Amino acid sequence: MNPSSKVLLSRRELLRRCGCGFGYLALTSLLADAARTVLAAEANPLVPKPTHFSPRAKRVIFLFMHGGPSQVDTFDPKPLLIRDNGKLVPPDKTSGLLTPNSKLLAPHWEFHKRGQSGLEISDLFPELAKRADHLCLVRSMHTEGQDHGQAVLNLHTGSGRQVRPSMGSWVVYGLGTDNQNLPGFVTISPPAINGGPQNYGSAFLPAVYQGTPIGSDNTPLSQAQIRHIKNPKLSPEMQRQQLDLLQEINRDHLKTAQLDSQLEGVIESYELAFRMQTEVPKLTDLTTESKATLDLYGIGGGPTENFGRQCLLARRFAQHGVRFIQVNHAFKWDQHQNLKQDLERNVREVDQPIAALLHDLESLGLLADTLVLWGGEFGRTPTAQGNADGRDHNPHGFTMWMAGGGVKGGFAYGATDDYGYRAVENKVHMHDLHATLLHLLGLDHTRLTYRYAGRDFRLTDVHGNVAKGILS
Amino acid sequence: MSRKRANLLMILLCLAAFWEPSRAAERSAASSQNAAAGMQLFERKIRPVLIERCYECHSTDAKKIKGGLRLDTRDAWMQGGDGGPIIVPGDPDKSRLVQALRYASEDLQMPPKEKLSAEQIADFEAWVRMGAPDPRTSEISNLKSQISNSQTAAKHWAFQPVTDHPVPRVKDRRWPKSPIDNFILADLEEKKLKPAAAADKRTLIRRAAFDLTGLPPRPEEIEAFLADPSPEAFAKVVERLLDSPHFGERWGRHWLDVARYADSNGLEINQPFPNAWRYRDYVMESFNSGKPFDQFIREQLAGDLLPARNDEERFERLTATGFLVLGPKALFEPNQEKLVMDVVDEQIDVSTKAFLGLTASCARCHDHKFDPIPTRDYYALAGIFKSTATLASAAGPQSRPDAPRWLERPLVTAEKAKEIEASTRELARLSEELRVLREFPGGVQSSKLPGIVVDNAAAQLTGRWKQQKLPVGTFVDQDYWHDANSDKGKMTARFAPKLPHTGSYEVLIAYVPRYDRATNVPVAIHSLDGPHEVTVNQKLPPQYRNAFVSVGAYRFQAGTNGAVVISNAGTKGFVTVDAAIFVPIDEWKLELAMAEEASKKALSQSQSEGSAMPTPQMSQASATAMAEAPVDRLSYAILDLRAKIQTDAATAMAVQEGSIQNSRINIRGDYEKLGDEVPRGFLKVLVRTNSKLASPIDPKSSGRLELANWIASPENPLTARVAVNRIWLHLFGRGLVETPDNFGLMGEKPTHPELLDYLARRFVAEGWSMKKMVRAIMLTSVYQMSSEHSPKAYAKDPDNRYLWRMNRRRLEAEALRDAILSVSSALDLTRGGSILPTNNAPRNNPMLAPEPVASNRRSVYLPVLRNNVNDVFQVFDFSDPHAVAGKRHITTTAPQALFMMNSEVMLEQSRRWAEALLARSASDDRQRVSGAYVQAFGRPAKIEEVNRALKFIEKFQAGLSSSGSTSNRLEAWQAFCQVLLASTEFRYLN
């Protein structure tokens, strides 16, 4: 909410003056805006809310690479690992999964300095590498959970063992959302496994803050839609006719009740839903985009088709005031084997669309206040798994990157040890990442609380430090 | 907090466990002579450093006090951090503070950003050696002790015994129907508020019907109520509804919210709970049967330990303990101890919230921040649940992902146990038979045949025969050949035996008959009698052992000269070749005689027993299978038997006594950092206020039964209050205490404390009867008020805290769905049982949420799948079933509106309803509209409403472009019906 839209009348006062309640009030031109604002604040928990301090980003696009992408093959160059390829882990370097029997496995791709910043990125991501000057690599991520389930939940909710609201829910709870005709938190093609809907659920926060799924990770996005967004039978005109009767009956009910913000809220919700019905399909219809844009994202067939659509849709949501947008790349990043082949396949699917998204956001002037976050639930070991061309899970050190609002571009933060196994320098725990994300959005993670069962809960529980070093 | 500091914290906490106060005090005293010098040192060297380098995180003024440690008063550091002291006065080497300053260990470095200078560290060492003299004794008292000061906190209203309050006098003597009304009215009068008028009868019966059964009143029930002028008319309605089995479905569901009931585990391993429904049915039945609430508590916490008069009662009580098992568990957690402590925590959480309205699980890592629940108390409770087996211990972390990891206990009578044993034996026999059969899919083993056998595997082939080995039909050993009905004249199969001696042999060939076989298969027999050819009709079933037909007796020489050659020359239809046997003629005669005997016997047996028709308990599938291949028949029989065993061997999620132990404190909630062992026990704050609650725990038992008795005691100040508050909440939309699961210091205070006590007293006095309490509350003026608005009252009390009117309430998800299905007459009122498919894990992947089950059963019977709650529930604020939720959120959202406008449920049910309305041949359209209003709103439509509806229907019908006026008419009526179901009047209770 724009704090300058001052409403001098208190809600109650307003109601006292107009005994008939807001439903009618909203229709009178004189007070319509003021009333809407008050009503909105009262009845609609999604209206924009003030931040704790000045935000650096207004919205988040989170590109989730489900499965745990390898850091040493992508964003974390380790010369010693390349040098010692195929050797057993030296006794003084054994640690956790780096057992004396495990063999070091060098990346299959060479690292090069990119852009003006000279940020080192491997050849695996050719397109993204061209945008290196936008990227803020956090090479010292660490988290909890050796298995996907716990780690994925940790990433999304800050807790792998207890049911907590997802970060998108927290963000919308904290900030509300700009476009009331759209959900505040959408997740595009979310996975059904590893906690599934819990990863965009609101847990004990009111359900209004939960993420709205669009499709799932096993259906092409071109066939996906928000639940119940379209009446399968009626034309919009016929449905409006029906809605008019409904609203008349509702208003009759409100009239007998004289005053009831709940009933007014329902009446308002029908209008909102009707508007959403028009807005959402327009937004998800990518055919209105130019050929050049579609080409940019790689839409029009080929491996980039689906993720390209996801990214373009994310951009459109960002443009239209959605607060938290998650884009999910299917559970394909779990390279226990076929590392070379499968990573190349994955990158063929996502590299161009992600680069396109960054470019597109920038050219639309959106990148400055959009935080783009990329990463998986954990990273992978620098050692080979068995004799396979594969790597095991590694929650102790991995890379995620951010771009856009409030973070340094062309910058690498933190470091892992010599082989890229454990984060050792400027470590950023998942809780720290959450704290940083909220910070960039203008929220103090220690103050964004919700009282439930006698306790004030936070996304970061009792943890979390803002990684100040990455702030621009 | 940085990792490093977190680690320090752990160490500080560890230290607490080894702290010995008496010895430390001695040392402190011994070194007190140096006090003056010490003070000087403190003021000059220590205090400045503390202020500059430590206070940022370790003082009252810190933004956040890290590790619960303050260094700004002597008392504060003496008490230490969350776990205990950090300075051993006189002994710097044993003082963790000094070790931290020295950066002695990687995990223990303070200040975290930069080490103090060597000189500064030496100062601290000297200071500690001197006994750590510190003049800051009179400074601000300890924040922490202030908060958790049990003296103060123990005075909190909810921990005080329930007391009798005199029924207040009121000015308006006519209004109260019950003492409950006096309590309400006294407050209203004091606040100069007037209670709203009584609700009209239609409003009242709709309210009562939904409140008690979650279903709308039927038109005839409304009529009967309207027609009953007696003052007891409403009491009769209440009585009828309380007696309805739907009462338990409605109120049981309220309890299931509290019990975080679900039919799947949730979290990452979302395995279905195939037997959770038994607990659900138990809950509903408990409400229906009028089970006293204290009994209900005892059964859920310790039903397995209660005596039972018979099997039925024993099973009921076992099932009740499902309450403790239903929680979400991190089933993939490889560390068993961690998993166990998480399960214990969940049990403490659900038990204390549900029955006591306390958030005791907050005390897992530190003393409860607000309530007088120290960590010790938490681990006293933890010992009780740790001594209780909840997980199937046999199943280690690496076992099959679909094996249940929680405990299920058999609900089996001695009689059934015998049956199961017999079935199990039979199952073993059939399985062995099947195994043999699988090895010999055709059902005939060559080794068991008489004579010399030549299987097709040993035949010499010409042409391209195709192998067939599916267990369809009867054949010898592994397989048989067929000619694919092609290459006629190009295929032969020669069966050449190695005969032991010269003589006469009966020759039989095996084939697999079917409708598409050739009828004239040429078979040539090469014997001493010369070549001889016969033809065989393979459409006919072979007689001998269902596999062989005889082609005659021939003389053969010993050795390998003889043979049978089967060809497909000149045939139409498939030719199959399987085996040939050469049976010495004497042996064959014997075989024939035996076969005749056997068939006679079989015939007489089947006549005496009736027939070989399937027995009644056999499934349809197995009946069909009787006629099929033996392998199928056996497989079906095995499936049937397994199903029977499964039904007979019913199990319920339940607990049992485990290895009896006390728990040690997990410092900061970390199962690896162990502190003191705490004897099993209850919450001290409640014991302290009432000595009758201090019953000892039998050292040989977990203490669960004692815990249950302690909770269910009339002396427990919380239990009855929490229970009646929950009842009040469901009848008024808000509890007397607004936070039903939290009666602690952070919970809301009661709006009517005396009424709450009155109800609690009465509840216990009336035998903890839930039905009596519900009835008592409903037969009051306050319940029967209208929800009408009053500007005057609204100005004084906009939130209606004092109940000057009835609250307008939204139908919850279940009531809404059931009401929709009820109006459209689709609702299936079958009671109890499970509709969760036994294998509900999609693609057998326990990491996927099970699929919601579609059904027209009442909502309470739809499986509650964590992480995959049915649409209508998710949209309409059904609580997340992972956690206790005594009160649901009430949000108004666009997705709800979209659901009402576009969902399949709405479209289907409104269509169904429209069809039913149009099928009322005795009605005209005006009556149809009015009837629909009665069904939906409990009142007839006004004339202008009828007119408006008909105008809408007419216009809508005309607007529809599709052909056929009948279908247009139906669609227009459907649109109208949907409007009624989507309207606020339908969705809310006035």
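Given the structure is predicted, the values throughout are model-derived calculations rather than measurements. Sequence lines set the chain letters: A, B, ... in the order given, protein chains first and strands last, and positions in each chain run from 1.
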Portion of A:Arg451 that has a non-hydrogen atom of chain B nearer than 4.5 angstrom: side chain
Leading residue by heavy atom contact count with chain B [cutoff under 4.5 Å; candidates A:Thr256, A:Thr460, A:Leu263, A:Leu272]: A:Leu263
Euclidean distance, B:Asn742 CG relative to B:Asp371 CG, rounded to 0.5 Å: 6.5 Å
Ring pair (Phe, Tyr, Trp, His ring centres under 6.0 Å) pairs, two or more places apart, involving residues 190-213 of chain A: A:Tyr173-A:Tyr209, A:Phe204-A:Tyr452, A:Phe204-A:Phe457
Side chain, backbone, both or neither of B:Asp741 within contact of chain A (heavy atoms, under 4.5 Å): neither
Pick from B:Ala975, B:Pro895, B:Ala330 with the largest number of heavy-atom pairs that fall under 4.5 Å of chain A: B:Ala975
Residue A:Met276 versus chain B: region with a heavy atom under 4.5 Å: side chain
Aromatic ring proximity A:Phe331/A:His148, centre distance under 6.0 Å: yes
Chain B contacts, top residue of A:Leu246, A:Thr212, A:Asp244, A:Leu234 (heavy-atom pairs, under 4.5 Å): A:Leu246
Per-residue contact mode, B:Leu980 against chain A (heavy atom under 4.5 angstrom): side chain
B:Gln957 versus B:Asn968, side-chain donor and acceptor atoms under 3.5 Å: no
Side chain, backbone, both or neither of A:Ile226 within contact of chain B (heavy atoms, under 4.5 Å): neither
Residue selection (most heavy-atom pairs with chain A, distance under 4.5 Å) from B:Lys955, B:Glu904, B:Glu945: B:Lys955
Among B:Ser903, B:Ser879, B:Ala883, residue most engaged with chain A (heavy-atom pairs, under 4.5 Å): B:Ser903
Check: A:Arg422/A:Ser95 side-chain N/O donor and acceptor closer than 3.5 Å: yes
Engaged part of A:Gln150 at the chain B interface, taking heavy atoms whose separation is under 4.5 Å: both
Interface moiety of B:Asp871 toward chain A, non-hydrogen atoms closer than 4.5 Å: side chain
Crowding at CD, A:Glu425 (>12 non-hydrogen neighbours, <6.0 Å): yes
Among B:Met901, B:Met746, B:Gln896, B:Glu788, residue most engaged with chain A (heavy-atom pairs, under 4.5 Å): B:Met901
Interchain contact, B:Gln874 with chain A, by part (heavy-atom threshold 4.5 Å): both
Residue pair B:Asn270 / B:Asn265, side-chain donor-acceptor N/O under 3.5 Å: no
B:Glu971 CD to B:Ile953 CD1 distance, which is reported to the nearest 0.5 Å: 13.0 Å
Which portion of A:Lys233 sits near chain B, non-hydrogen atoms under 4.5 angstrom: side chain
Donor on one side chain, acceptor on other, A:Thr449 and A:Asp456, under 3.5 Å: no
Contact origin within B:Phe956 toward chain A - heavy atom pairs under 4.5 Å: both
By side chain to side chain contact (heavy atoms under 4.5 Å, CB included) - contacts of B:Glu908 (at least two apart): none
Chain A contact via B:Thr739 - which portion, at a heavy-atom distance below 4.5 Å: neither
Between A:Gln277 and B:Asn902: side-chain donor-acceptor atoms closer than 3.5 Å: yes
Heavy-atom proximity to chain B below 4.5 Å, by part of A:Gln146: neither
Gap between atom NE2 of A:His142 and atom NE2 of A:His431 - 0.5 Å precision: 9.5 Å
Closest-packed option against chain B by number of heavy-atom pairs under 4.5 Å, given A:Asn181, A:Leu205, A:Val152: A:Leu205
Sidechain-backbone polar pair: A:Asn199 side chain, A:Gly196 backbone, donor-acceptor under 3.5 Å: yes
Chain A contact via B:Arg987 - side chain, backbone, both or neither, heavy atoms under 4.5 Å: side chain
Distance-only side-chain donor-acceptor flag, A:Asp334 / A:His66, under 3.5 Å: no
Structural part of A:Asp147 lying under 4.5 Å from a heavy atom of chain B: side chain
Selection from A:Ser202, A:Ser269, A:Pro206, A:Ala203 maximising heavy-atom pairs under 4.5 Å formed with chain B: A:Pro206
Part of B:Val875 lying under 4.5 Å from any heavy atom of chain A: neither
